[in-house]
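Notes follow the structure.
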2 protein chains.
Amino acid sequence: MEAGSSRYGSPEAAESQQLRGTNQSGMRDHNERLVLSLVRQSGALAKSDIARMTGLSAQTVSVIMRELEVEGLLLRQEPVRGKIGQPSIPMALNPEGAFFIGLKIGRRSAELVLIDFLGNSRAMLQNSYGYPTPRDTIDFVKSGIAEMRASLTREQDKRIAGLGVAMPFELWNWVDTAGAPREIMDEWRNRDIRADLQALFSFPVYVQNDATSACGAELVFGDIGTLRDFVYFYIGAFAGGGVVLNGRLYSGPTGNAGALGSMPVPGPGGRPTQLIDVASIAVLEKSLNAKGIEASYLWTSPEEWSDLGPELDSWIATASDALAYAIVASASVIDFESAVIDGWMPPAIRARMVQAVQSAIGKIDVEGLRIPSVREGTVGIHARAMGGASLPLSERFLIGSTAPSRGV
Amino acid sequence: MEAGSSRYGSPEAAESQQLRGTNQSGMRDHNERLVLSLVRQSGALAKSDIARMTGLSAQTVSVIMRELEVEGLLLRQEPVRGKIGQPSIPMALNPEGAFFIGLKIGRRSAELVLIDFLGNSRAMLQNSYGYPTPRDTIDFVKSGIAEMRASLTREQDKRIAGLGVAMPFELWNWVDTAGAPREIMDEWRNRDIRADLQALFSFPVYVQNDATSACGAELVFGDIGTLRDFVYFYIGAFAGGGVVLNGRLYSGPTGNAGALGSMPVPGPGGRPTQLIDVASIAVLEKSLNAKGIEASYLWTSPEEWSDLGPELDSWIATASDALAYAIVASASVIDFESAVIDGWMPPAIRARMVQAVQSAIGKIDVEGLRIPSVREGTVGIHARAMGGASLPLSERFLIGSTAPSRGV
DNA sequence: CAATAATTAAATCACTCTTATTTATTATTG
DNA sequence: CAATAATAAATAAGAGTGATTTAATTATTG
């Protein structure tokens with residue numbers, strides 16, 4: 001069985017690759033998603049605002065938004081007075097409009113998160129382990145989701161729109177690094193985890209690369225302003241990335257776009273190495289362990305690391321040099337506006353890394369390029385699970401990138 | 001005046017960035033483009049084929065294709081018999097359906113090409129120079145296009161759909177390399193060449209990066225089979241690239257996507273350098289000149305280079321190492337299916353380079369990546385001018401990437 | 001009260017879909 | 001080999017959907 005392309009995907013992944021025609025329901029669907037996307041971006045918008053922004057007629061927008069209000073996806077806000085003319089009525093997303101579940105499968109732990117339509121976390125569960133097994137993971141999901149659903153009203157439960165799973169690319173190749181038995185890893189390789197989970201639930205189940213998911217969380221829930229094209233790095237036990245093009249998460253033909261951990265970079269002494277070998281928490285842990293420093297709190301308390309001394313400083317330095325290099329290389333493939341860095345680390349450390357990366361970029365020859373600005377991620381440590389949850393949200397309620405032309 | 005984003009673009013570039021709604025004419029436009037794209041890809045297709053491929057109803061396809069036939073864009077072929085049922089009538093693109101003009105502005109010469117709807121070259125003009133000036137370029141375009149149009153019937157002339165200009169990113173930064181006076185280069189910087197050309201013609205004028213254009217030519221006219229995602233390298237006086245995502249040329253938010261010449265790569269001795277500094281014809285020329293070998297025929301006869309000896313061999317070796325590295329780095333940003341290499345060189349040399357690149361990739365650590373296959377470009381030396389011409393074709397007749405959902 | 005802007009009802013228009021029909025061809029039967 | 005059945009392509013007619021246009025209503029400012 002071919003791995004990869006069949007690993008990631010959605011219920012309809014198979015047919016979506018084909019070029020399809022558009023009909024009226026496709027047109028309406030597109031316009032509805034457009035309205036929801038704009039309202040999400042702006043907080044709240046009046047129908048007349050939407051009409052201006054989309055070029056649709058006021059009447060069309062009126063019909064669409066009334067329907068979205070009836071469906072419980074939009075909430076009427078207080079009329080805005082003070083301007084000439086009839087006061088406008090901003091429409092905001094209804095937090096209770098839909099719910100989404102995200103699952104992150106990591107090297108040391110799994111996370112389940114339940115979020116509402118605005119991306120607020122409503123419940124979160126964790127499960128730690130030495131290494132993940134399919135059986136335990138499915139048990140965790142089964143009981144965890146049951147517990148979460150018990151906290152919802154019947155009305156809310158009906159509005160669960162899907163489960164998104166964020167997991168690493170070819171997790172079964174961890175044999176060496178994770179200290180897991182080969183037969184467990186082979187189980188991961190040979191099992192279709194998406195299908196197994198789909199069998200448990202009536203809502204759709206999606207699977208996506210974990211770092212790509214984190215990137216999706218930044219896109220949908222993060223504070224990115226008008227940013228529409230960026231490259232994203234998530235520094236966890238390993239390092240990975242994601243790519244946003246034209247306001248849309250781009251996961252690539254095989255779902256492995258943004259495999260930035262595998263980017264070749266000049267290592268210590270100029271010898272080429274992979275980004276993941278210098279810019280990951282696992283490397284930091286190893287260097288601490290080598291000095292006899294116990295560092296398991298790196299995994300357990302990402303909100304606050306204790307004083308780490310010079311090992312941390314030199315890790316930040318080498319990791320940032322490599323990240324700077326990877327950003328420049330990425331910018332020569334796609335002219336990203338920004339590079340966003342987040343990870344399983346305290347915000348203060350993240351801020352130091354961003355600063356270090358910015359100054360490291362200054363030392364690289366960037367002629368012929370527009371260098372993306374470097375910023376911190378705004379979602380933080382739970383970005384992967386949140387990103388999993390963002391997947392059904394995007395699939396169901398958000399718009400694709402290239403706007404179909406409106407015609408004249 | 002801000003350079004870059006305002007440099008490249010189309011007549012409607014300003015508004016197209018906005019998220020627009022879709023209406024019926026947009027839907028029809030989309031479906032028409034879809035039909036034309038599929039017919040272009042397949043050579044000729046019956047209405048029933050299109051209906052199956054698009055998911056549109058047979059009747060809808062019938063109406064659309066009849067109209068395209070009346071407009072002279074499609075040609076009815078001989079009915080296909082031998083299968084059960086009524087014989088199908090394949091519809092092919094009408095070569096006379098539309099005409100396009102491409103202009104390449106290069107370091108040593110400009111090229112004008114007139115192509116038909118199938119991409120066949122109908123006329124080609126060249127203008128050599130030490131360095132390009134805006135005034136001479138516009139004169140060349142004016143007289144060249146007048147000459148080309150004189151060869152067309154009145155009917156054909158009416159079907160010219162646009163002019164596409166392929167020129168380097170920030171051409172005015174050639175001050176050092178091209179030996180051109182600063183004031184000429186500043187003229188390039190401060191002038192809006194697109195507007196100047198647009199003033200001369202009633203059809204739309206587009207401008208795009210030259211290597212991106214070459215990539216577009218490969219996409220639209222090349223023999224790429226079902227390839228839908230690839231990274232493209234064009235090795236000319238300088239080196240540049242392009243990116244195709246989901247079957248569509250991706251030029252990026254500032255039009256500088258695929259600036260692969262600026263990709264940092266390990267140079268001779270492991271010191272980081274830019275791809276352009278090892279993999280460009282200018283570098284080859286310099287190394288030949290250093291040995292006292294006159295090499296101006298590199299520019300004048302790209303179809304056949306004479307015996308070049310060891311300098312060529314070592315150039316191919318270093319260039320290929322760097323290309324291999326750039327391909328791996330690109331693959332960690334986007335999981336391209338293929339890397340396509342073309343350039344201003346004889347096909348035999350191109351073939352040697354591709355082979356060398358393939359074996360060089362084998363020596364790089366590619367864990368966690370799916371390595372794209374490496375292939376030769378199929379358009380060849382005139383890819384940039386052809387790509388310019390492909391720009392109005394794409395804008396007017398081809399489909400965007402993400403298929404708008406068809407709805408249920 | 002005049003001007004302005006938001007909103008929406010009603011009528012209209014454009015485009016696709018469904019259904020049914022016509023036409024052309026191959027496959028099968030006696 | 002002629003007659004019949006099966007299959008597939010193409011299209012006409014009518015229904016349905018959704019956006020647009022037009023015009024009216026409402027709420028506010030100055």
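Values below: all heavy atoms of this structure, side chains included; hydrogens, waters and symmetry mates excluded. Small disclaimer: the values here were computed from a predicted structure and weren't measured. Here is how names work: the chains are called A, B, and so on, in the same order as the sequence lines, proteins then strands, and each is numbered from 1.
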Using whole Å, report how far [atom1] of [X] lies from [atom2] of [N].
| X | N | atom1 | atom2 | answer |
| --- | --- | --- | --- | --- |
| M27(A) | dC17(C) | CE | P | 11 Å |
| L34(B) | dT16(C) | CG | P | 11 Å |
| D29(A) | dG18(D) | CG | P | 11 Å |
| L56(A) | dT8(C) | CG | P | 15 Å |
| E67(B) | dA14(C) | CD | C1' | 12 Å |
| E32(A) | dT17(D) | CD | P | 14 Å |
| I50(B) | dA9(D) | CD1 | P | 13 Å |
| R28(B) | dG18(D) | CZ | C1' | 16 Å |

Considering only side-chain heavy atoms of [X], which listed nucleotide, [options], is closest?
| X | options | answer |
| --- | --- | --- |
| P87(B) | dC17(C), dT7(C), dA24(C) | dA24(C) |
| A46(A) | dT11(D), dT7(C), dT16(C) | dT7(C) |
| S57(A) | dT16(C), dT21(D), dT8(C) | dT21(D) |

Next item on the list: State which residues pass ring-ring contact (aromatic ring centres under 6.0 Å, His included) with F117(A); sequence neighbours excluded, sorted by chain then number.
Entry: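 Only F397(A) meet the ring-ring contact (aromatic ring centres under 6.0 Å, His included) criterion with F117(A).
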Measure all distances between protein nitrogen or oxygen atoms and nitrogen or oxygen atoms of nucleotides 21-23 of chain C, and list the pairs falling under 3.5 Å.
from, atom 1, to, atom 2, distance (Å)
dT23(C), O2, Q86(B), OE1, 2.2

So does [X] get a side-chain nitrogen or oxygen closer than 4.0 Å to the phosphate oxygens (OP1/OP2) of [N]?
| X | N | value |
| --- | --- | --- |
| N23(A) | dC15(C) | no |
| S62(B) | dT11(D) | yes |
| S48(B) | dA10(D) | yes |
| K47(B) | dT11(D) | yes |
| N31(A) | dA19(D) | yes |

Margin query: Pairing check on dT25(D): which nucleotide meets the Watson-Crick or G-U wobble criteria with it, both distances under 3.5 Å?
Written below: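 Result: dA6(C).
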Note to self: Is it the case that the side chains of E218(A) and T378(A) hold a donor-acceptor pair, with the cut-off being a distance below 3.5 Å and no angle test?
What the structure shows: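 A donor-acceptor contact under 3.5 Å links the two side chains.
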Checklist line | Given M53(B), R52(B), M91(B), the one that forms side chain to side chain contact (heavy atoms under 4.5 Å, CB included) with L45(B) | finding: M53(B)
With [X], which residues qualify under side-chain contact (heavy atoms from CB on, under 4.5 Å), at least two apart?
| X | answer |
| --- | --- |
| T153(A) | E155(A), Q156(A) |
| D116(A) | P95(A), F99(A), L118(A), N120(A), R122(A) |
| S88(A) | A46(A), V80(A) |
| Q86(A) | none |

Checklist line | Flag side-chain contact, heavy atom, 4.5 Å: I399(B) against H30(B) | finding: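 Yes, at least one pair of side-chain atoms sits under 4.5 Å.
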Quick one: which protein N/O atoms are closer than 3.5 Å to N/O atoms of nucleotides 9-13 of chain C? Pair and distance per line, please.
from, atom 1, to, atom 2, distance (Å)
dA9(C), OP2, R66(A), NH1, 3.2
dA9(C), OP2, R66(A), NH2, 3.4
dA9(C), N7, Q59(A), OE1, 3.3
dA9(C), N7, Q59(A), NE2, 3.4

Item checked: Position toward the 5' end of DNA chain C (nearest nucleotide), I84(B) or I64(B) ->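 That would be I64(B).
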Next item on the list: Quick one: label T60(A) by what it contacts on the DNA or RNA (base, sugar-phosphate, nothing), any heavy atom closer than 4.0 Å.
Entry: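 Here T60(A) touches the bases of the nucleic acid.
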Next item on the list: Return the set of residues passing side-chain hydrogen bond (donor to acceptor under 3.5 Å, both in side chains) with N31(A) (not counting sequence neighbours), or none when no residue passes.
Entry: none
Check: Taking only residues two or more places apart in sequence or in another chain, which ones pass side-chain hydrogen bond (donor to acceptor under 3.5 Å, both in side chains) with T212(B)?
Finding: N209(B)
